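Shown next, in structure tokens, is the structure this report addresses.
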Amino acid sequence: MRPLIGAIADVKPSHKHVWHRVQEKYLYAVAHGADAQVVILPGTLSAVDASQPAVPPDLERLFAVLDGVFLPGSPSNVNPAIYGSGLDFDDKLLDQSRDDLSLPLIRAAVDRGLPLLGVCRGFQEMNVALGGTLHQHVHDIEGYGDHREPDGDVETEYGPAHEVELVEGGILNGLLGSARARVNSLHHQGIDRLAPGLAVEARAPDGLVEAFHVEAAAARGHFAVAVQWHPEWRAWSDPLSSALFAAFGRAARTYAASR
Ligand SMILES: N[C@@H](CCC(=O)NCCCC(=O)O)C(=O)O
């Protein structure tokens with residue numbers, strides 16, 4: 001039976017309503033690349049009337065059924081107050097509902113050995129959840145390049161942008177069997193202080209950390225990996241992307257069998 005993997009949703013107002021949604025390219029990459037049944041996980045749910053109580057996610061109920069958690073990218077940013085910084089971007093880019101779910105879920109998933117894969121915002125969430133911090137505008141930091149997506153159509157935006165150097169002996173290096181990979185780049189923010197207990201898996205040419213794994217998870221043979229780029233984009237056509245989702249699926253299958 002295919003493992004059940006939850007993909008954390010974004011909150012997005014649209015067409016006069018509030019939606020909790022995940023882009024199909026993420027759902028497809030998990031369903032096809034990890035060979036899993038994917039479900040969308042909404043964060044805190046608010047009523048259309050503020051007089052009604054919000055309903056937070058029930059993590060225990062989620063852990064009773066999930067075999068893995070996928071943390072997709074998003075134009076939204078982790079609330080900088082969580083890592084002790086002031087807000088240095090439009091507050092419309094906050095997503096408190098997603099932060100309410102993702103950050104405690106990440107910590108509890110690591111404690112339980114539940115497989116985790118983070119992408120872009122999900123990569124940043126894992127770093128913050130485990131005690132790290134972010135640069136809010138990497139391109140404004142001396143010594144770092146511009147990691148934002150290029151202007152153009154979606155094929156251009158998600159096309160190869162730079163190389164990453166894979167740490168020798170790392171999980172990604174092992175999956176690809178090579179020291180370098182070309183990846184896309186669609187982010188304003190990036191890792192400032194890497195959280196304790198995270199091991200660098202890849203760096204951009206300017207030195208920015210672009211992937212890590214959770215050391216405690218790896219030590220127990222568990223899977224908790226995150227990348228700043230977008231492996232979900234045409235994952236089937238890229239050796240590292242397809243290997244990464246396949247590894248995530250194997251970990252989720254192993255977790256399911258251990259229940
Ligand atoms: N908002 C953060 C994270 C960037 C990110 O996840 N970009 C992807 C947005 C589109 C998509 O989901 O493919 C930042 O700007 O660093």
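Since we're looking at a predicted model, the values are computed, not measured. Read the numbers this way: they start at 1 and go in the same order the structure lists the ligands and their atoms.
Residue-environment remark: CZ (Arg61) stays at or below the threshold of 12 foreign heavy atoms within 6.0 Å.
For ligand 1, the atoms lying closer than 4.0 Å to a non-hydrogen atom of Lys25 are 11 (C), 12 (O), 13 (O). Within the listing of ligand 1, atoms 6 (O), 12 (O) sit less than 4.0 angstrom from a heavy atom of Gly73. Taking every heavy atom of His230 and a limit of under 4.0 angstrom, the matching atoms of ligand 1 come to 7 (N), 8 (C), 11 (C), 13 (O). In the vicinity of Asn77, heavy-atom distances shorter than 4.0 Å reach the ligand 1 atoms 1 (N), 2 (C), 14 (C), 15 (O).
Shortest contact from atom 16 (O) of ligand 1 to any protein heavy atom: Gln189 N, 2.7 Å. Nearest protein heavy-atom neighbour of atom 15 (O) of ligand 1: His188 N, 3.0 Å. For atom 7 (N) of ligand 1, the closest non-hydrogen atom of the protein is Leu186 O, 3.1 Å.
Between the Asp67 side chain and the Arg253 main chain, no donor and acceptor come within less than 3.5 Å of each other.
Distance CD/Gln189 to CZ/Arg121: 9.0 Å, rounded to 0.5 Å.
For the pair Val119 and ligand 1, the shortest N or O to N or O distance does not fall below 3.5 Å.
Distances from atom 10 (C) of ligand 1 to the heavy atoms of Trp233, Trp229, Tyr158 show the closest one on Tyr158. Within the set Cys120, Ser74, Pro72, Gly118, the minimum heavy-atom distance to atom 9 (C) of ligand 1 is found for Ser74.
Two rings, from His147 and His139, have their centers 6.0 Å or more apart. Taking the six-membered ring wherever Trp is involved, the centroid distance between the rings of Phe123 and His187 does not fall below 6.0 Å.
Looking at Glu60 and Arg112, a side-chain N of the basic residue comes within less than 4.0 Å of a carboxylate O on the acidic one, giving a salt bridge. The pair Lys25-Glu232 counts as a salt bridge, with a side-chain nitrogen and a carboxylate oxygen less than 4.0 angstrom apart.
In this structure, Glu149 falls outside the shell of residues with a heavy atom less than 4.0 angstrom from ligand 1. Using a 4.0 Å cutoff on heavy atoms, Tyr26 counts as a contact of ligand 1.
Side-chain atoms of His230 and Tyr26 include a donor-acceptor pair closer than 3.5 Å.
Residue contacts with ligand 1, taken as heavy atom pairs separated by less than 4.0 Å, involve Ser76 solely via the backbone atoms N, CA, C and O.
Of the candidates Phe245, Tyr28, Tyr158, Trp233 forms a ring-ring contact (aromatic ring centres under 6.0 Å, His included) with just one, namely Tyr158.
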